[in-house]
Chemist: 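Handing you this structure, nothing more for now.
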Protein chains: 2
Amino acid sequence: MASDGVAEFLRRLMLRSPLSAEEQHAVLHLSGQRYAMASGQDIVTPGQTVDHACLVVTGLAGRFDLDGEGCRQFTAFYLPGDMCDLHSVPSPHTGWGISALVPMTILRIPHAELRALVSRYNAVALALWLDTVVDASILAKWLAIFAHKTAKAGLAHLLCEMGIRMETVGLGAKTHFTFEATQEHLADTLGLTKVHMNRTLQALRKDGLVECVGRVIDIPDWPRLAKLAEFDPAYLLLKPQPTHFTAQIHERGIAANPD
Amino acid sequence: MASDGVAEFLRRLMLRSPLSAEEQHAVLHLSGQRYAMASGQDIVTPGQTVDHACLVVTGLAGRFDLDGEGCRQFTAFYLPGDMCDLHSVPSPHTGWGISALVPMTILRIPHAELRALVSRYNAVALALWLDTVVDASILAKWLAIFAHKTAKAGLAHLLCEMGIRMETVGLGAKTHFTFEATQEHLADTLGLTKVHMNRTLQALRKDGLVECVGRVIDIPDWPRLAKLAEFDPAYLLLKPQPTHFTAQIHERGIAANPD
DNA sequence: CGTCGTCTTGATTAACCTCAAGAGGTGTGG
DNA sequence: CCACACCTCTTGAGGTTAATCAAGACGACG
């Protein structure tokens with residue numbers, strides 16, 4: 001019944017939170033209206049008050065903040081299975097916006113459904129809360145990396161993160177994945193100009209740390225890139241906290257709690 | 001019975017979330033052990049797994065991230081009444097640390113108590129969740145400002161934020177408050193060196209935008225500082241979202257929902 | 001009275017921005 | 001099939017912001 005994106009959302013929750021069969025079932029019964037978004041279209045307009053959260057079914061979305069001159073700063077990326085704007089459940093009025101970085105499909109899930117879910121199932125409430133905490137953890141790491149580090153290390157870190165996240169949701173391997181963000185999107189994430197982003201990316205390519213054809217990213221030497229970035233995936237709060245764990249994730253699958 | 005810091009925490013929650021008398025009462029019954037922390041001491045060590053959250057009773061705490069070379073990046077400041085590390089309720093293992101920036105007293109509240117509270121009272125669960133969302137909202141704003149803007153505008157923005165937050169918790173006015181962070185702490189927040197932070201602060205002083213004696217901050221011309229910073233307090237998610245509201249906050253007091 | 005933490009200053013170097021323009025691809029309409 | 005617009009990526013030269021290294025001044029504290 002629910003391979004319209006909700007199953008991927010449940011899978012994401014269970015990466016970090018154990019849920020009973022009943023709770024899983026309840027999550028899978030979430031429903032909402034499907035929308036197709038054009039590239040560049042706003043999923044959430046800055047300052048809007050919303051009565052629903054948006055689940056990314058396919059594509060890539062970015063949360064952004066606007067400054068006075070209209071410059072964008074991206075503060076999160078959302079992949080398929082991510083519930084963007086889950087924050088809006090406790091805080092329906094958001095200052096930020098979310099836009100589609102590529103043509104994509106989303107599922108709008110009413111707050112009413114989510115609130116009913118969390119009031120009935122305590123474990124689900126904690127799971128959703130944890131989901132926003134993960135978002136905040138990534139944000140804190142971005143701040144630490146982008147404010148302190150050089151553009152090269154910052155970009156390297158972002159690519160490592162996207163690699164792990166893509167692999168975790170089954171979209172390629174951490175060393176080989178498709179990341180549909182333009183160089184300008186990346187520049188607006190790291191707080192650089194697109195010119196400097198271009199040169200930084202070239203530097204990584206010249207060092208043999210990254211290869212790109214189209215929007216496909218290849219990381220020929222993961223350890224070296226991770227070392228340059230000082231990348232430690234612990235902040236992504238995936239279950240097995242010790243550092244070398246990514247291999248296990250796929251084998252575990254979604255049925256962690258069959259009872 | 002509970003003017004040991006818990007009342008201030010309840011007050012903070014009620015700035016953003018309406019709670020019934022029973023719910024308020026339940027929050028006030030939170031208890032924990034009181035600790036005195038020395039300046040510079042870690043309240044939470046990076047990588048630690050905790051079974052309690054820490055309520056700031058007096059003083060100032062900072063959440064930080066460490067990079068490979070041991071450089072600190074602060075990712076949050078916590079004032080009296082703030083529950084630092086509330087994130088640890090859904091995620092007990094944290095990558096970041098929290099340290100006392102001045103001598104301070106805290107209250108350690110066991111996760112067990114907080115979890116019992118949220119499982120009984122749905123509105124409290126949403127209130128706590130919202131509290132971590134506010135934290136994330138500040139983080140997103142910091143990223144946007146510090147990554148994009150010049151040091152001068154970034155520092156101006158931080159001072160505006162601290163002014164509003166101090167006034168909101170009743171510690172001075174937004175244009176006149178005590179902020180016990182050293183220039184080095186500020187540098188580690190904006191991602192600058194302490195040398196450059198010093199010069200940036202001097203620039204603000206020379207422009208007549210800020211005056212400091214000791215750790216007391218004076219903002220002679222708030223509108224001009226706010227304009228330089230492009231400061232809009234909406235991201236702090238205080239209740240009356242329209243822009244000019246700070247006057248009302250004090251008058252409302254804690255008894256917003258007497259029933 | 002000396003030590004330590006914090007603030008301050010100067011000179012040099014590196015990182016990043018700004019402005020400007022061109023190259024390559026893609027989709028569209030004539 | 002070509003012409004055109006548009007988006008993204010790329011390159012160059014010069015200017016600004018902030019980092020680095022080094023050292024001195026000041027006050028608080030024991």
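Below, chains carry the letters A, B, ... as their sequence lines are ordered, and counting in each starts from 1.
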Chemist: Atom CZ of B:R215 and atom P of C:dT6: how far apart are they, to the nearest Å?
Modeler: 7 Å
Chemist: In whole angstrom, give the distance that lies between atom NE2 of A:H196 and atom P of D:dT17.
Modeler: 16 Å
Chemist: Is there a side-chain contact between B:Q183 and the phosphate of C:dG5, meaning an N or O under 4.0 Å from OP1 or OP2?
Modeler: no
Chemist: Nearest whole Å is fine: how far is C:dA15 P from A:R199 CZ?
Modeler: 14 Å
Chemist: Can you tell which of B:D135, B:D85, B:D42 makes a salt bridge (Lys or Arg N to Asp or Glu O under 4.0 Å) with B:R63?
Modeler: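 The option that passes is B:D135.
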Chemist: If you check the B:Q202 side chain, which of D:dA18, D:dG12, C:dT9 turns out closest?
Modeler: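 Looking only at heavy atoms from C-beta outward on B:Q202, the closest nucleotide is C:dT9.
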Chemist: Rounded to whole Å, how long is the line connecting atom NZ of A:K206 with atom P of D:dT10?
Modeler: 14 Å
Chemist: Have a look at A:L201 and say if it touches a base, only the backbone sugar-phosphate, or nothing, with a 4.0 Å heavy-atom cut-off.
Modeler: nothing
Chemist: What's A:T193 touching, base or sugar-phosphate or nothing? Going by heavy atoms closer than 4.0 Å.
Modeler: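 Base contact.
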Chemist: Is A:E230 paired with A:K149 through a side-chain N to carboxylate O contact shorter than 4.0 Å?
Modeler: yes
Chemist: Over how many whole Å does the gap from A:H148 atom NE2 to D:dA19 atom P extend?
Modeler: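 Distance, rounded to whole Å: 10 Å.
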Chemist: Just how far, in rounded Å, is P of D:dA18 from CE of B:M197?
Modeler: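 Going from CE in B:M197 over to P in D:dA18 covers 10 Å.
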Chemist: Once you round it to whole Å, what is the distance between P of C:dC16 and CG of B:L192?
Modeler: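 Distance, rounded to whole Å: 13 Å.
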Chemist: C:dT6 P sits how many Å from B:E180 CD, rounded?
Modeler: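 B:E180 atom CD is separated from C:dT6 atom P by 12 Å.
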Chemist: On DNA chain D, compare the nucleotides closest to A:N198 and A:A147; which residue's is nearer the 5' end?
Modeler: A:N198
Chemist: Just to confirm, is there a sub-4.0 Å distance from OP1 or OP2 of D:dC9 to any side-chain nitrogen or oxygen of A:R205?
Modeler: no
Chemist: We want to know whether B:T178 and B:R215 form a side-chain donor-acceptor pair, criterion being a heavy-atom distance below 3.5 angstrom.
Modeler: no
Chemist: Check whether any side-chain N or O of B:T49 sits under 3.5 Å from a backbone N or O of B:P92 as a donor-acceptor pair, and report yes or no.
Modeler: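 No.
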Chemist: Using a heavy-atom cut-off of under 4.0 Å over every strand shown, decide if B:G191 touches base, sugar-phosphate, or nothing.
Modeler: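 Sugar-phosphate, no base atom in range.
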Chemist: Classify the ring geometry between A:W142 and A:F146 as parallel (under 30°), tilted (30 to 60°) or perpendicular (over 60°).
Modeler: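 The rings of A:W142 and A:F146 sit tilted, inter-plane angle from 30° to 60°.
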Chemist: When you get a sec, tell me which of D:dA22, C:dC7, D:dT11 is the closest nucleotide to the side chain of B:V195?
Modeler: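 The listed nucleotide nearest to B:V195's side chain is D:dA22.
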Chemist: Just call it for A:T150: base, sugar-phosphate, or nothing, with non-hydrogen atoms closer than 4.0 Å on any strand.
Modeler: sugar-phosphate
Chemist: Could you please name the option among D:dC9, D:dT11, D:dT20 that lies closest to any side-chain atom of A:T182?
Modeler: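 Nearest listed nucleotide: D:dC9.
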Chemist: Pick the nucleotide of DNA chain C nearest each of B:S39 and A:K149; which residue has the one closer to the 5' end?
Modeler: B:S39
